[in-house]
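Single-structure report; data block below.
These figures come from a predicted structure and were not determined experimentally. In what follows, every chain begins at residue 1, and chains take the letters A, B, ... in the order their sequences are listed. Both backbone and side-chain heavy atoms feed into the values below; hydrogens, waters and symmetry mates do not.
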Amino acid sequence: MPHTHDHTSVLIADDSDPVRQATSAIVSRLGYHPVTATSGEEAVSLLQSSTFDALLLDITMPGKSGIDVLHFIVENDYALPVIMISGSGDIDQVVQCLRMGAYDYLTKPVDAHRLAVVLKNAFSESSLRQKVRLLSAAVDQSPVAVVITDSEGHIEYANSSFSSGGSSLAGDPVSRQTIFDAGDASGGFPVKLRNSIVSGKVWQGDFCNHKRNGELCWEHAIISPVTDHGKAKSHILALIQDITQVRKNQEALLHSTQRFRELADLLPQPVFETDRRGLVTYSNRAGFATFGYSRDELKKGLHSLQFFARADRARVLQGMQVKKTSGRLSNHEFTVFRRDGTGFPALVYSAPIAGRGGPAGYRGIVVDITEIKESELKLRENQKKYLNLLQAIPDAIIVADADTGALVEWNRQAQLFFGYSPEELAGLHIGDLYPEDLREKCIAFFDEARFRQSGSLETQILTRQGLRIDVHLSSAMFTTEERRRFVGIFRDITEQKHSEMLVRENIRLKNDFISTVSHELRTPLFSILGFTGTLLREQDELERETRMEFLSIIHDESKRLSALIEDVLMISRIDSGRVSYKKSEIDPSITISEVCRGLKIRADEKHIELHLKVCAPAGRILADPDALKQVAINIIGNALKFTPEGGLVDVVLSYDEDAMLFRVKDSGPGIPAEDTAKIFEKFYRVERPGEAVDGTGLGLSIVKEIVEAHDGSIEVLNAGCKGAVFLVRLPLLTTVSERSKQNQS
Amino acid sequence: MKQHTILIVDDSANIRRLLAHNLGRKFTVLTAADATAALDVLDGSATLPDLLVIDIAMPGLDGFSLTALIKENPRFRAIPLVMLTAKDSSEDREKGLKLGAADYITKPFNLEEFAERIELLLR
């Protein structure tokens, strides 16, 4: 301890004033701080109240002697060096004092030089002692067991940790056991230990041992030879620490690691760890099995990036970058590759492994989603199939949300039918598709679908352009994605409606026809009944001429009735398609001439000139001769009927490039322009004041039917008041040019 | 001397002949072939006929139009009028009676019964 002299205090106890003063002066001169006591009692009192670095103590003092004071010091374990001051002749007492623990002695008169040397020695020894005391206290109180043995291993010192620690490394100092005698009973280690120490090396290691109480424990020991200033080793120092807990912790860690590995091996998905650079440091069994690498290959170095497609690597690194800062688990879909180069789609979940100053690496799991992908693909295919089907259906289909009524899906036909764009349809309510007067009814119809399988309704829709279209609407409800939907199928029934209308019109015409026919039949029948009734009633009264007149009327009306019935039957046969024409190749001029000859009598009766002109060359047509005959009779007959007495009927048969032209011109009153379109209708008669004209009103209808059945046409070329002209065209079998060719060859 | 004169308007000569013969035994019978001729007869005669028989289906002005014209004319309005038709239609019957026809007879009919109905109307 470096004492500055100023602070080094020396207590001087002496009953002699001159000695005290002289000693005090010397001490002062030496640079120490002197404190004086005149008696033993005063010295004890000062020692109790203050601390001193040394005591100069006079042996012979009245009252408490120097020996008494020394006694007090030793008893109370004061650490200060005591230097006895004696007169000459009391050497026995000096010896006693030294034995008691005094450091040295001086004889009176105190020699200054000698005092200086003694004090200096005393102080340095005191400092050494203090050091030793500290060391021994430190060693003694150390939690590490410290054992010092002699070179043979006999324990010379053991601190309290060793004694109390219960280590069985050595018995105890008393039993004179060496530390080499203890330890693992299985042997080996003490021999090695001894050899090591004998050769002057430090031995360090762990060993398992049993405590004295029988508990198993682990200890870590450092055993080293101690040499004294280069001499042969004299002692052995053993530092022993109980590491049972550390060992236990290590084992627990090992166990935990093992558990993790086993658990990871149970996982069917590959689990991996990489270091900071991305080199794979660990993979579970599934990882090796999935990717086809061996453990040796992993040890040689596998970089995690090589499992990814080149194009994906930037994304992988970017993903890691994000994880570095966020540390959150995130997933990414990648194509990952096996050792053989085959790839498969996978979700790679990874997270950084926490380390000092950033991630120590990455840890992750690879989930093979091949099956999910395949089923997704299948799902998409199914969806596509469904969409194609929906689009291909020729009816308009609309799907709407059952709760809100908003349109959610439709096919192409629906867009075309309703005239809306997809964007417009997306904003429509199901009620917007109907005219206002039908809207409520149609919405209610859809609502009914909640309670029934499916249903249909004939209604009208309203297009975007404001058109109302007749539709057959069927609706149903279904559930998809937990939403209830209405589906509506719209079929355009405009055509159907139209044909229904035609059917109705046809029925009406038939009814009209029947009604007209019965009316037409009644008139001649009434005459016949009336005149026959009159003849029967008045047969005796009537004159012969009157009877003849009546009979003649009856005859005419019967003929008319018969003709009417014939015409009606003809028309109904034509209408029902039961007429079969026996078509053959004929020369029409023969038929027409025949008819004209037959009508000659009728013409003559009215003094009408019936003139026939047939133009060359003659063509041939494919026709039923009887039907053609009827056409000619009806048209020429009509001409004769409407031509007044003395008039002219002109019949011309000619040919153009591909048709036969049959033309009949009369000199009658002609046909009013407004009637030319109607004269071919059944029972239509041109109304003309004056005498009724006989006829069935069916003649021209029959002509038209026959001509059309022969692929020909008929028209009226009105000559106004100068008479009517009827023109019938029938196609020729061969054209004129063909005919001329035939003629040439 | 026959007491009453009847005008028959019908486009069919045979019907006119039949009716003229059968009614001619009891009445004086005038005939017309169409509406125009009928009006000419009415306009031209100093003493009006006592009854008119008008056929509905006639070319030109039909029986209904003729009836309407007659009923519009204060001179002819009071003459009883019988409509003849071959059409058995309740619509036509109603139309005729509404126009003011006294009777409506559908062909064919019994001539003796017809004469009796006319006699009844003239009484």
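Annotation: B:His21 is not in aromatic contact with A:Phe531 [ring centroid separation under 6.0 Å not met]. In this structure, A:Phe662 has its ring center at least 6.0 angstrom away from the ring center of A:Phe726.
A pairwise comparison of heavy atoms in B:Ala38 and B:Leu7 identifies O-CD2, 4.0 Å as the closest pair. The shortest heavy-atom contact between B:Lys71 and B:Leu99 is CG-O, 3.2 Å. Among all heavy-atom pairs drawn from A:Val664 and A:Ala639, the shortest one is CG1-CB, 3.8 Å.
Side chain of B:Asn110 to backbone of B:Glu113: a donor-acceptor contact under 3.5 angstrom is found. Using modelled atom types, no side-chain atom of A:Ser552 and backbone atom of A:Met548 make a donor-acceptor pair closer than 3.5 Å.
For the pair A:Glu538 and A:Arg547, the salt-bridge criterion is not met [side-chain N within less than 4.0 Å of a carboxylate O]. Salt bridge annotation for A:Asp556-A:Arg560: absent, with no cationic side-chain nitrogen under 4.0 angstrom from a carboxylate oxygen.
With a 4.5 Å cut-off on side-chain heavy atoms, A:Ile592 and A:Val651 count as touching.
Contacts between residues 500-508 of chain A and chain B, defined by a heavy-atom separation under 4.5 Å, are made by no residue at all. Heavy-atom neighbours of chain A within the stretch residues 115-122 of chain B, taken at a separation under 4.5 angstrom, are nonexistent.
For B:Leu111, the part sitting under 4.5 Å from any heavy atom of chain A is the side chain, from C-beta outward, and nothing else. The part of A:Leu529 that comes within reach of chain B is its side chain, from C-beta onward, which places non-hydrogen atoms under 4.5 angstrom from that chain. For A:Leu542, the part lying near chain B is the side chain, with the backbone staying farther off; criterion is any non-hydrogen pair under 4.5 Å.
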